[in-house]
Amino acid sequence: MDLSKKVIITGSSGLIGKEAIEPLKNAGFDIYALTIDKNNPDLGINWISCDIFDTANLKSIFEQIKSSHLLNFAWATTGDYLSSNINFDFLKAGLDLLKYFAENSGKRAIFAGTCFEYKFKDSPLKETDETNPQTVYAECKNHLRALSELYCKQAGVSFGWGRIFYVYGHGENEKRLTAHIIKSIKENKEITITTGSLIKDYIYSKDIAGGFVKFLDSNVEGIVNMCTGKGITLTDYTMTIANKLGRPDLIKILNEPTTQPPIIIGDNTRLANEVGYHIQYSLNQAIDNILKDYTS
């Protein structure tokens with residue numbers, strides 16, 4: 001282990017954060033995971049009891065650990081998170097994290113953003129493209145990015161922002177599409193996809209985590225898209241899962257009018273060429289891995 005590579009990670013029990021632990025260990029990081037959970041798995045890392053909204057405790061932890069790196073995944077992504085005022089709390093917490101990190105000799109910070117910061121268009125979205133966030137969630141993310149970039153420039157901290165596209169992975173909330181499809185088919189229930197022609201860039205949580213760790217362990221700064229660079233229709237995505245479960249008959253596809261953008265695909269050139277991370281899992285491999293969670 002490289003003792004000069006000490007990382008504080010937030011959101012380590014989340015959909016993406018939990019997948020970052022193994023690649024962080026493989027990259028030689030000494031890991032300190034902030035958590036509000038009482039029972040945490042024995043992963044060979046340092047679990048630190050901390051509510052990131054408790055500024056006094058947060059300040060004390062950074063003073064004690066003096067980490068060289070910071071990886072921030074913490075954010076609310078369930079319930080009414082798109083419009084909730086809790087987004088402002090996470091925005092403030094993100095700035096607090098950076099402040100205490102910088103004050104204790106922190107060198108390199110990477111934060112998680114969202115593709116919903118972008119103004120959507122029919123061609124792949126590049127990091128230099130215009131932003132136009134339409135929800136409180138996306139607005140707060142984008143504001144945090146801008147303020148963090150400014151703060152880190154002033155504080156001499158190397159900063160990067162990973163914009164995540166459509167994630168699927170292990171242990172998803174059952175209201176999310178992938179888990180909903182699997183659960184419904186397992187229960188022999190019909191599923192209706194109302195906007196089957198929409199094209200989205202779906203990326204496996206393990207690939208996102210791997211990309212973030214590679215990003216953290218590099219010198220690349222600024223915005224980097226966390227995406228595959230490839231689109232798939234909701235019809236094809238849904239049918240991939242249904243066919244693997246042997247129940248395509250349970251899927252009903254519609255193409256109803258929608259205000260959603262017809263295409264949301266990211267350009268992952270920076271991720272591949274500058275960060276040096278290449279997508280490790282095909283959709284088929286990833287879905288096979290996820291389906292293993294449902295067998296006992």
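Computed over heavy atoms, backbone and side chain alike; hydrogens, waters and symmetry mates excluded. Worth saying up front: this structure is predicted, and the values here are computed from it rather than measured.
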Practice task
May I ask you to check whether F215 and F111 place their ring centres under 6.0 Å from each other?
Solution key: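 Distance test on ring centres: not under 6.0 Å, no.
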Handout entry: Aromatic ring proximity H69/Y32, centre distance under 6.0 Å
Key =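 No, too far apart.
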Of the non-hydrogen atoms in [X] and [Y], which two are nearest, and what is the gap between them?
X	Y	answer
L91	L147	CD2-CD1, 4.3 Å
C152	L98	SG-CD2, 3.8 Å
F90	A76	CE1-N, 3.4 Å
N173	A179	O-CB, 3.5 Å
Y166	I264	OH-CD1, 3.3 Å
I182	L245	CA-CD1, 4.2 Å

Using a 4.5 Å cut-off on heavy atoms from C-beta on, say whether the side chain of [Y] contacts that of [X].
X	Y	value
V224	E274	no
L144	W161	yes
I9	I45	no
I241	I251	no
Y168	I287	yes
H170	E19	yes
E139	F116	no
I191	I185	yes

[X] [atom1] to [Y] [atom2] distance, which is reported to the nearest 0.5 Å:
X	Y	atom1	atom2	result
F165	M226	CZ	CE	11.0 Å
I65	L34	CD1	CG	6.5 Å
N39	D42	CG	CG	12.5 Å
L43	K25	CG	NZ	6.0 Å
R145	C140	CZ	SG	13.0 Å
F62	I8	CZ	CD1	4.0 Å

Practice task
Please determine which of D236, L234, T235 meets the side chain to side chain contact (heavy atoms under 4.5 Å, CB included) test together with I253.
Solution key: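 Exactly one pass, corresponding to T235.
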Practice task
With N104 as reference, evaluate K59, K99, E63 under the side chain to side chain contact (heavy atoms under 4.5 Å, CB included) test and give the passing residue.
Solution key: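 The passing option is E63.
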Honestly curious: do [X] and [Y] fall in one hydrophobic cluster under the side-chain, below-4.5 Å linking rule?
X	Y	answer
I16	I36	no
I232	I193	yes
I265	I164	no
Y204	M239	yes
Y294	L250	yes

So does [X] have more than 12 non-hydrogen atoms from other groups sitting under 6.0 Å from [atom1]?
X	atom1	result
K252	NZ	no
K214	NZ	no
K189	NZ	no
E174	CD	no
N219	CG	no

Practice task
Among Ile, Leu, Val, Met, Phe, Trp and Tyr joined by side-chain contacts under 4.5 Å, find the other residues sharing a cluster with V136 and list them by chain and number.
Solution key: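 Once heavy-atom contacts under 4.5 Å are chained together, V136 belongs with F88.
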Strictly by modelled atom types, are [X] and [Y] linked by a side-chain donor-acceptor pair under 3.5 Å?
X	Y	result
T131	E117	no
R108	S218	yes
K244	N284	yes
D267	T269	yes
K200	Q260	yes
N268	Y277	no

Is the side chain of [X] donor-acceptor paired with the backbone N or O of [Y] at a distance under 3.5 Å, no angle test?
X	Y	result
N46	I31	yes
D96	I52	no
S68	K6	yes
N255	S197	yes
N72	A74	yes
K141	R163	no
R176	G169	no

Practice task
Just do the side chain to side chain contact (heavy atoms under 4.5 Å, CB included) check on C115 and N225 with the steps written out, would you?
Solution key: CA-CA 8 Å; C115 67; N225 286 336; over 6 Å; no
Exercise for the section: Would you please classify the geometry between the Y137 ring and the Y81 ring as parallel, tilted or perpendicular, with 30° and 60° separating the classes? Expected result: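 Rings of Y81 and Y137: perpendicular, as their planes differ by over 60°.
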Exercise for the section: Name the orientation class of the two ring planes belonging to Y202 and Y237 (parallel below 30°, tilted from 30 to 60°, perpendicular beyond 60°). Expected result: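 Aromatic pair Y202/Y237 classed parallel.
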Handout entry: Side-chain ion pair, K153 and E149, N-O less than 4.0 Å
Key =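 Between E149 and K153 there is no salt bridge, as every charged N stays at least 4.0 Å from the carboxylate O atoms.
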Problem - Steps toward side chain to side chain contact (heavy atoms under 4.5 Å, CB included) verdict (F120, N132) - result: CA-CA 8 Å; F120 294 124; N132 185 31; over 6 Å; no
